[in-house]
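Not measured: the values here are computed from a predicted model.
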Amino acid sequence: MGTQIAYDRVEVGTELPSATFPVTRDTLVRYAGASGDFNPIHWNEKFAVEVGLPDVIAHGMFTMAEAVRVVTDWVGDPGAVVEYGVRFTKPVVVPNDGKGAVIEVSAKIGEKLDDNRVRVDLTATSEGKKVLGMSRAVVQLA
């Protein structure tokens, strides 16, 4: 596939197109099946509340994957992401109200690196709260 974005045309501070990702209980059940992570905090409201959570929460890895979609959509090639890491700061609470939750993601070029690579800094929030901290991806450009 390969990226079509030229390193020379990208500047520090360049903002990538932001995106929002809806999350419903159905989304969590499908993700649990695909990932094999059937922890009841992701689908059983009674259990989640009993262990001190406000409600069912999205899988951390699901949240992480949704956030990096901003980068892969921008670069056009998921294989161009050569590093990616986050810190989980707050859970994405997913109520059983038919609407669920929304993960809002923005990103910008944080640093130009050697070998046509850039560091992309991401911000992911839900209900106005930052859900990922130190969210950074290193991307190989053309």
Side-chain angles (χ1 to χ4, degrees), residues 1-45 47-49 51-142:
M1 206 163 155
T3 179
Q4 300 301 311
I5 298 176
Y7 178 83
D8 296 341
R9 298 188 141 206
V10 175
E11 299 297 329
V12 171
T14 299
E15 293 186 14
L16 282 59
S18 61
T20 59
F21 303 100
V23 187
T24 64
R25 296 281 178 97
D26 291 346
T27 309
L28 299 182
V29 170
R30 286 192 305 275
Y31 182 81
S35 69
D37 182 351
F38 294 101
N39 187 325
I41 64 173
H42 303 303
W43 58 270
N44 184 320
E45 184 174 338
F47 182 85
V49 170
V51 298
L53 296 168
D55 206 330
V56 165
I57 62 170
H59 302 74
M61 296 304 284
F62 171 81
T63 303
M64 188 177 174
E66 290 292 80
V68 81
R69 285 177 55 191
V70 167
V71 178
T72 59
D73 288 351
W74 169 71
V75 76
D77 177 8
V81 177
V82 296
E83 290 179 32
Y84 179 46
V86 306
R87 288 190 183 180
F88 300 106
T89 56
K90 298 271 186 211
V92 175
V93 178
V94 184
N96 192 20
D97 61 2
K99 298 176 191 172
V102 174
I103 301 169
E104 299 171 330
V105 183
S106 61
K108 66 180 177 180
I109 305 301
E111 183 179 4
K112 291 184 85 168
L113 307 169
D114 294 333
D115 299 323
N116 287 6
R117 292 180 177 196
V118 294
R119 188 191 79 223
V120 179
D121 300 334
L122 296 96
T123 301
T125 62
S126 185
E127 295 184 342
K129 297 176 186 149
K130 197 171 188 179
V131 295
L132 298 176
M134 297 295 293
S135 184
R136 295 179 172 172
V138 174
V139 181
Q140 181 70 54
L141 299 180

Checking the side chain of E104 only, and the main-chain atoms of G128 only, is there a donor and an acceptor separated by less than 3.5 Å? no
Under 3.5 Å, side-chain donor or acceptor atoms of residues 85-95 against the rest of the protein: list the pairs with distances, not counting sequence neighbours.
from	atom 1	to	atom 2	distance (Å)
T89	OG1	K130	O	2.7
T89	OG1	V131	O	3.3
T89	OG1	L132	N	3.4

Under the rule for salt bridge (Lys or Arg N to Asp or Glu O under 4.0 Å), what residues qualify as partners of E111, not counting sequence neighbours? R119
Solution key, residues 56-63 side-chain donor-acceptor pairs under 3.5 Å, sequence neighbours excluded:
from	atom 1	to	atom 2	distance (Å)
H59	NE2	D37	O	3.2
T63	OG1	H59	O	3.1

Side-chain donor/acceptor of D115 to backbone N/O of R117, under 3.5 Å: no
Using side-chain hydrogen bond (donor to acceptor under 3.5 Å, both in side chains) as the criterion, list what pairs up with N39, not counting sequence neighbours. none
Starting at CG of N44, measure out to CZ of R25 and round the result to the nearest 0.5 Å. 9.0 Å
Taking all non-hydrogen atoms of both residues, which atom of Y84 and which atom of V81 are closest, and how far apart? CB-CG1, 4.2 Å
R136: partners by salt bridge (Lys or Arg N to Asp or Glu O under 4.0 Å), with sequence neighbours left out: D121
Measure across L122 and A107 and return the closest heavy-atom pair with its distance rounded to 0.1 Å. CG-CB, 4.0 Å
Enumerate donor-acceptor pairs with a distance under 3.5 Å from any side-chain N or O in residues 65-76 to protein atoms, sequence neighbours excluded.
from	atom 1	to	atom 2	distance (Å)
E66	OE1	R69	NH1	3.0
E66	OE2	R69	NH1	3.3
T72	OG1	R69	O	3.3

Which donor-acceptor pairs under 3.5 Å do side chains of residues 27-34 form with protein atoms, sequence neighbours excluded?
from	atom 1	to	atom 2	distance (Å)
T27	OG1	T24	N	3.2
T27	OG1	T24	OG1	3.0

How far does CG of D55 sit from CD1 of I41, to the nearest 0.5 angstrom? 11.5 Å
Side-chain donor-acceptor pairs of residues 5-22 under 3.5 Å, sequence neighbours excluded:
from	atom 1	to	atom 2	distance (Å)
Y7	OH	L113	O	2.7
T14	OG1	E11	N	3.3
T14	OG1	E11	O	2.7

Let me confirm one number: the CG-CD1 distance from L141 to I109, rounded to the nearest 0.5 Å. 7.0 Å
